[in-house]
Protein chains: 2
Amino acid sequence: MRIKGKPNSFDIAHLAGVSQSTVSRALRGHPTVNAETRERILAIARQLNYKADKNASSLRSKHSGTLALLIFEDPTVDDSSINPFFLSMLGSVTHACARHGYDLLISFQELSRNWHADYEDCHKADGIILLGYGDYLDYRGRLEALVEQGTHFVRWGAVLTDQLGLSIGCDNLRGGQQAADHLLALGRRRIAFVGNASLRSPEFFERYQGYGAALRAAGLTPDAALQVDAISTELAGFEATSTLLQRGTPFDALFAASDLIAIGAMRALASRGLRVPADVAVVGFDDIPMASFVNPPLTTVQQDTRRAGELLVETLLNLIHDDPAQSIKLPATLVVRQSCGIGLAPATSNPPRVATARRGAAAARRRHS
Amino acid sequence: MRIKGKPNSFDIAHLAGVSQSTVSRALRGHPTVNAETRERILAIARQLNYKADKNASSLRSKHSGTLALLIFEDPTVDDSSINPFFLSMLGSVTHACARHGYDLLISFQELSRNWHADYEDCHKADGIILLGYGDYLDYRGRLEALVEQGTHFVRWGAVLTDQLGLSIGCDNLRGGQQAADHLLALGRRRIAFVGNASLRSPEFFERYQGYGAALRAAGLTPDAALQVDAISTELAGFEATSTLLQRGTPFDALFAASDLIAIGAMRALASRGLRVPADVAVVGFDDIPMASFVNPPLTTVQQDTRRAGELLVETLLNLIHDDPAQSIKLPATLVVRQSCGIGLAPATSNPPRVATARRGAAAARRRHS
DNA sequence: CTGAAAGCGCTTACAG
DNA sequence: CTGAAAGCGCTTACAG
C-alpha cells in the first residue's frame with residue numbers, strides 16, 4: 001500500500017480484502033453489496049479519509065454532479081457592485097444546489113462579450129442556469145447557440161410565448177399592474193414609469209405593460225412623456241428621473257422597473273427638493289435588501305427569490321434527467337412600506353397628497369425647465 | 001468519424017490526419033507543434049465546436065483549473081440574506097478567478113455543521129478560499145484538519161501571529177482606531193462598542209482593541225458597561241443596542257463592529273427617539289453598499305474587497321504552484337458620511353452635540369429602565 | 001453477492 | 001516535429 005499521497009480505490013480494496021469494483025459499489029451504496037462487507041469498506045475509507053476522485057468518476061459516468069450559474073450584466077460597472085437582486089438569487093440557487101447534492105460553478109460575464117458558456121461542453125457541469133438582464137436581441141442569439149448544441153439550460157427572466165428553452169420568471173405583468181393599482185388606489189393619477197420599455201428588455205417591458213393595463217382599467221391613458229428608459233442601476237435611475245424632471249410634464253407618482261432604479265429616482269427627486277411620498281409616491285420592483293433601509297422605506301413588488309432558485313435548480317435537473325419540465329411564472333407580491341404614503345401624513349401638516357404631488361411636480365418643472 | 005455526440009481528440013486527429021497526441025499538444029499551445037499543423041487542427045476543432053473534456057484532462061494532469069470558495073456563517077438565517085460584505089467579496093473573488101483563468105465553485109455552509117471542504121480531496125478544486133466569521137475556537141479545529149490533509153487554502157480574516165495557514169485580512173486594529181479617533185475628534189467622549197469582543201471573534205476583537213487603544217491615547221478608559229456582544233447581523237445590532245440602552249449608562253457615540261450591526265443599532269436608537277448623529281454618533285465597519293443608503297448615510301471603515309479578492313486568489317495560486325506566499329494585512333479607510341455629524345448641525349437649531357447626546361441617552365434610560 | 005476486464009478522453013514520458 | 005503507448009482512477013457491463 002502506498003504511504004504517501006492520497007489513497008485510491010485499489011488501496012481500499014487491498015486493505016478490505018475485496019476487489020476494487022466492490023469498493024466502488026460499496027461506496028456508492030449499491031444494493032447488491034453484502035452489508036458486512038460494505039461496513040468494512042466504509043470504515044477503512046473513513047479512516048484513510050478516502051474521497052473518490054470526481055474527475056475519474058465524472059469521466060466514466062458522464063455526469064459531473066455540478067451545475068453552472070452564469071450571471072451577466074450590461075456593463076460590469078465595478079467588481080463589487082453586482083446587482084443585489086442577482087446576488088440574492090445566487091444565494092438561493094446555491095442553497096438549492098446543495099439541497100440536491102450538486103456543486104455550483106459560478107461565473108460573471110459581460111453580455112457584450114463572447115460568453116464562454118462551455119461548462120457543459122467540457123463536461124465541467126451537467127447544465128447551466130442563466131441569470132441576467134441585457135439586450136434580449138443579443139441574448140436570443142446566445143440562447144439559439146445553446147439550443148443548437150443541445151446544452152441543458154434554464155434561464156431566469158420573462159416567460160415568453162416564443163420561448164427558446166425554459167424560463168422561470170415572475171409574473172411581471174401582474175406585478176406591474178399591482179404597483180400601478182396601488183398608486184391609483186392612493187389617488188395618484190399622473191404616474192411615471194422609469195425603466196426600459198421595449199422588447200429588448202422583456203422583463204421591464206412586461207412590467208410596463210402591466211402598468212399600462214392598470215392605467216387604462218382606471219380610465220387613464222399612459223403618457224409617453226412620463227416614461228424614460230433606464231437599465232437596472234441606481235445611476236440610471238437617477239439620470240432617467242433627472243431627464244423626466246427636466247421634461248416638465250407633471251407627475252405625482254413614479255413606478256420604477258427595479259428597486260435600484262427607484263433608489264436612484266428617489267435621490268434625483270430629493271436633489272430637486274421633492275418629497276417622497278408627499279410630492280411623488282414611488283414604487284420599486286424586486287424587494288432587494290436595501291429597499292427596506294432607504295428613506296423612506298420603499299414600497300415595492302417582491303419577487304420570491306427563494307422559490308425561484310429552487311425552481312431554477314429543479315427544472316434544470318428535470319431537463320438533465322429527461323423528466324418533464326416546463327417554464328413557470330411565479331406570482332409577485334406587493335410589499336407596502338412608506339414610499340407611497342401609507343399610514344403617514346396627519347392631515348394638518350400635509351395637505352392632500354394628490355394636490356401636493358401635482359404642486360410638487362409643477363414646482364419641480366418650474367425650477368428645472 | 002462519429003456523427004452523433006461530441007467529438008473527441010481522436011475525431012479531430014482523424015480529420016486533421018495527425019495523431020491524437022499532436023491534437024492534444026496543438027490545442028494546448030505546445031511550442032513544438034508545427035505552425036501549419038496547429039492551424040489546421042485549431043480550425044477543425046473550432047468548426048466542430050470541440051472542447052477538451054476537463055474531467056479527462058484534470059484526471060490525467062492532476063489539476064482542475066478550479067478554485068473553491070467556502071462561505072460560512074453563524075446561523076444561516078435565511079437563504080437570501082447572506083451577509084452583504086461576503087457577497088461583495090464573492091463578487092471580487094469571482095472576477096479575480098476569471099482573470100487568472102480559473103473557474104470557481106461556491107458553497108455556503110453553516111459553521112456549526114460538519115463542513116464538507118472536500119473539494120480538493122476529490123480533485124474538484126486545486127485549493128480553497130475560506131470566507132466567514134464564526135466562533136474561532138470551532139473554526140481553528142477545521143483549519144487544523146485542512147493543514148493536516150495538506151489542503152491548499154487561504155482564509156479571509158484576522159491576520160494572527162499563531163496563524164494556521166495564510167490569511168488575507170484588513171488592518172482591523174488600525175480600522176478600529178480610526179473609527180474611534182474620528183468620534184473623539186468630533187468631541188464624543190462616551191463611545192460604546194457593539195460587537196463580539198473576545199478571541200472567539202478575532203476580527204471584531206481587533207477592532208475592539210483598536211477602539212480601546214484610541215480611547216486610552218485620548219486619556220479615556222474604555223467602559224465595560226459600554227460594550228455589548230453582537231454577531232454581524234442587523235437583528236443582533238438592534239438587540240445589543242437595546243440592551244445597551246437598558247443598561248442606562250450614558251453614551252454619545254457608538255462604534256459598531258460591522259455595518260449590519262450599525263444599521264440595527266440605528267434602528268434601535270431611532271425606536272427610542274434618539275437622533276443620529278445629534279444624540280448618538282454612529283460609525284460602522286465594512287462599507288457595504290447599504291451603508292450609503294441608510295438614513296443618515298453611515299460613516300464607516302471601508303475594507304477593500306476588490307483588492308482582497310485579488311489577493312486571496314493570487315495567494316492561493318502561489319500556494320498551489322509552490323511559489324512564495326504570505327499573509328497580508330490590507331489598510332482600512334475611514335469613509336466619512338453623515339452618521340457622525342460632519343457638515344451638519346447649524347449651532348442654533350442643534351445644541352452642542354456631546355451634551356445633547358448625553359441628554360438623549362439619559363432620556364432613553366429614563367424611558368426604558 | 002463478487003471479480004476481472006474494458007474503457008471514459010485526455011496528458012505525458014519515451015522513442016524516433 | 002510527431003506518433004505509439006501507458007496510465008490517471010474511477011464505473012459499468014459481463015460472467016460467475
Side-chain angles (χ1 to χ4, degrees), chain A residues 1-2 4-42 44-45 48-66 118-124 126, chain B residues 1-2 4-42 44-45 48-66 118-124 126:
Chain A
M1 204 219 124
R2 311 183 306 178
K4 41 160 58 182
K6 300 192 171 160
N8 64 20
S9 55
F10 284 92
D11 298 324
I12 309 291
H14 184 241
L15 288 170
V18 294
S19 76
Q20 182 266 342
S21 359
T22 300
V23 170
S24 174
R25 279 188 284 253
L27 258 21
R28 280 172 306 117
H30 197 91
T32 72
V33 178
N34 178 286
E36 193 185 319
T37 311
R38 185 199 346 271
E39 286 315 313
R40 185 154 33 96
I41 292 170
L42 289 183
I44 294 170
L48 266 61
N49 194 37
Y50 169 76
K51 299 280 181 295
D53 186 311
K54 290 282 186 188
N55 293 128
S57 73
S58 300
L59 173 60
R60 186 59 234 260
S61 69
K62 302 282 185 193
H63 42 79
S64 63
T66 305
D118 311 332
Y119 294 106
E120 186 170 348
D121 291 328
C122 71
H123 298 278
K124 266 202 148 174
D126 300 330
Chain B
M1 204 218 122
R2 312 182 307 179
K4 41 161 59 181
K6 299 190 172 161
N8 63 20
S9 53
F10 285 91
D11 298 324
I12 309 291
H14 185 241
L15 288 170
V18 295
S19 74
Q20 181 266 340
S21 1
T22 301
V23 170
S24 174
R25 280 189 282 254
L27 258 21
R28 281 172 305 119
H30 198 93
T32 73
V33 177
N34 177 288
E36 194 185 318
T37 311
R38 184 197 349 269
E39 285 316 312
R40 188 152 32 94
I41 292 170
L42 289 181
I44 294 169
L48 265 60
N49 193 37
Y50 168 76
K51 300 280 182 293
D53 186 311
K54 290 281 186 186
N55 293 128
S57 73
S58 300
L59 173 60
R60 185 60 235 260
S61 69
K62 303 281 182 194
H63 42 79
S64 64
T66 305
D118 313 331
Y119 293 105
E120 186 170 349
D121 291 328
C122 72
H123 298 278
K124 266 201 148 174
D126 300 331

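The closest side-chain donor-acceptor pair between Lys124(B) and Thr66(A) falls under 3.5 angstrom.
Summarising the geometry, the separation between NE2 on His123(B) and C1' on dC8(C) is reported as 17 Å, rounded to the nearest angstrom. Rounded to an integer number of Å, the gap from CG of Asn8(A) to C1' of dC8(D) is 10 Å. Remark: P of dT11(C) and CD1 of Ile41(B) are 13 Å apart, rounded to the nearest angstrom. Taking atom CG on Asp53(B) and atom C1' on dC10(D), their separation rounds to 13 Å, with Å as the unit. Rounded to whole Å, atom P of dG9(C) lies 13 Å from atom CD1 of Ile12(B). Atom CZ in Arg60(B) sits about 16 Å away from atom C1' in dG7(C), given to the nearest Å. We find that CG of Asp121(A) is positioned 15 Å from C1' of dG9(C), with the value rounded to whole Å. Straight-line distance from the NE2 atom of His63(B) to the P atom of dT11(C): 10 Å, rounded to whole Å.
Summarising the geometry of His123(B) relative to Asn55(A), their closest heavy-atom pair is O-OD1, 2.9 Å, with the distance given to 0.1 Å. Scanning all heavy atoms of the two residues, the minimum distance from Ala26(A) to Ile41(A) falls at CB-CD1, 3.7 Å.
Ser61(A) comes within 4.0 angstrom of the backbone, heavy atoms only, and of no base. When heavy atoms are screened at a 4.0 angstrom cut-off, Lys62(A) is found touching the sugar-phosphate backbone but no base atom.
No donor-acceptor distance shorter than 3.5 angstrom exists from the side chain of Arg60(B) to the backbone of Ala56(B), with no hydrogens or angles considered.
With DNA chain D read from its 5' end, the first of the two nearest nucleotides for Pro31(B) and Leu59(B) is the one closest to Pro31(B).
Within the structure, every side-chain polar atom (N or O) of Tyr50(A) is placed at least 4.0 Å from both OP1 and OP2 of dG9(D).
For the pair Arg40(A)/Thr37(A), a side-chain contact is recorded, criterion being any heavy-atom separation below 4.5 Å from C-beta on. Ile12(B) places none of its side-chain heavy atoms less than 4.5 Å from the side chain of Leu27(B).
Pair assignment for dA13(D): none, as no Watson-Crick or G-U wobble contacts are both less than 3.5 Å. Pairing partner, dA4(C): none, since no Watson-Crick or wobble contact has both distances short of 3.5 Å.
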Carefully, step by step, assess Lys6(B) and Asn8(B) under the rule side chain to side chain donor-acceptor pair (under 3.5 Å).
CA-CA 7 Å; Lys6(B) 299 190 172 161; Asn8(B) 63 20; over 6 Å; no
Collect all protein-nucleotide pairs involving nucleotides 2-4 of chain D in which both atoms are nitrogen or oxygen and the distance is under 3.5 Å.
residue : atom : partner  : partner atom : Å
dT2(D)  : OP1  : Thr37(B) : OG1          : 3.0
dT2(D)  : OP2  : Asn34(B) : N            : 3.0
dG3(D)  : OP2  : Ser19(B) : N            : 2.8
dG3(D)  : OP2  : Ser19(B) : OG           : 3.0
dG3(D)  : OP2  : Thr22(B) : OG1          : 2.7
dG3(D)  : N7   : Arg25(B) : NH2          : 2.6
dG3(D)  : O6   : Arg25(B) : NH1          : 3.1
dG3(D)  : O6   : Arg25(B) : NH2          : 3.4
dA4(D)  : N7   : Ser21(B) : OG           : 3.4
dA4(D)  : N6   : Ser21(B) : OG           : 3.1

